[in-house]
Amino acid sequence: MKLSSDYIVMRNKENGQFLNELKNNRSSLATKAVFVDNIQSALTMPYNSYLEQKTAVKAMAKVHGMEIVRVKATFDLTYPNGGEVQKIECENKNIGLFDLLRSL
């Protein structure tokens, strides 16, 4: 089974590290950014959410010397023995209020 994901990460322009944490400094208008080498540990934002708040995200990136990077990832899910993982279909068990009252 294949899964795909489309999201945004922030990368430090100087050293290429990825944003892992963004903290507000207490009693101050300043913030502190923490970076890591590993993209798996980076803070992420769904691409659609980025599109909705693009102006604010770009401003935050500029303040901290970061660039915005779009990540398009595809994952192949297999079992350890090499077999392909099958999608699990869930039954819709949502019952309405009237169905619940009828069953009483």
Side-chain angles (χ1 to χ4, degrees):
M1 178 169 65
K2 290 185 184 269
L3 297 176
S4 60
S5 186
D6 192 6
Y7 55 92
I8 296 293
V9 297
M10 305 283 206
R11 188 170 79 155
N12 186 308
K13 286 183 178 181
E14 292 180 13
N15 60 21
Q17 291 182 316
F18 299 97
L19 180 65
N20 173 263
E21 189 175 347
L22 191 60
K23 289 184 176 182
N24 289 327
N25 291 342
R26 192 173 189 152
S27 302
S28 173
L29 291 174
T31 58
K32 177 184 177 186
V34 177
F35 296 92
V36 294
D37 292 324
N38 187 340
I39 195 169
Q40 289 89 350
S41 299
L43 292 178
T44 63
M45 170 184 273
Y47 184 69
N48 291 336
S49 296
Y50 164 73
L51 293 176
E52 293 172 6
Q53 8 183 2
K54 189 185 293 190
T55 303
V57 173
K58 284 183 176 183
M60 181 181 62
K62 184 175 183 179
V63 165
H64 292 285
M66 299 181 292
E67 60 185 359
I68 300 166
V69 177
R70 183 176 181 182
V71 178
K72 292 181 177 184
T74 302
F75 304 94
D76 291 325
L77 303 177
T78 62
Y79 292 111
N81 67 2
E84 187 171 325
V85 174
Q86 299 298 316
K87 184 174 181 177
I88 297 174
E89 298 292 334
C90 297
E91 292 180 29
N92 186 1
K93 293 187 179 184
N94 292 336
I95 59 172
L97 179 60
F98 292 115
D99 296 328
L100 181 62
L101 291 174
R102 273 191 221 123
S103 68
L104 295 176

Which residues pass the side-chain contact (heavy atoms from CB on, under 4.5 Å) test with A30, sequence neighbours left out? N25, S28
By side-chain hydrogen bond (donor to acceptor under 3.5 Å, both in side chains) - contacts of [X] (at least two apart):
| X | answer |
| --- | --- |
| N20 | none |
| D37 | Q17 |
| N38 | none |

I need the full list of side-chain hydrogen bond (donor to acceptor under 3.5 Å, both in side chains) pairs touching residues 53-68, with sequence neighbours left out, sorted by first then second residue.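 Counting only pairs at least two positions apart or across chains, the side-chain hydrogen bond (donor to acceptor under 3.5 Å, both in side chains) contacts touching residues 53-68 are R11-E67, T31-H64.
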Please collect all side-chain hydrogen bond (donor to acceptor under 3.5 Å, both in side chains) contacts where either partner lies in residues 72-84, sequence neighbours excluded, each pair once. K2-D76
Inter- and intrachain pairs under salt bridge (Lys or Arg N to Asp or Glu O under 4.0 Å), touching residues 17-29, at least two apart: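 The answer is E21-K23.
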Heavy-atom pair of closest approach, residues S5 and F75: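 Shortest heavy-atom separation between S5 and F75 comes out as CB-CE1, 4.1 Å.
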Specify the closest pair of heavy atoms between V36 and A42, including all atoms of both residues, with the distance to one decimal.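 Looking at all heavy atoms of both residues, the shortest contact is CG2-N, 4.5 Å.
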Hydrophobic cluster mates of [X], side-chain heavy atoms under 4.5 angstrom, ILVMFWY only, any path?
| X | value |
| --- | --- |
| I88 | none |
| V34 | none |
| M45 | I8, M10, L19, L22, F35, L43, Y47, Y50, L51, V57, M60, M66, I68 |
| L29 | none |

Pairing residues for D6 by the salt bridge (Lys or Arg N to Asp or Glu O under 4.0 Å) criterion, not counting sequence neighbours: R70
Working to the nearest 0.5 Å, report the span between NZ of K87 and CG of L77. 12.0 Å
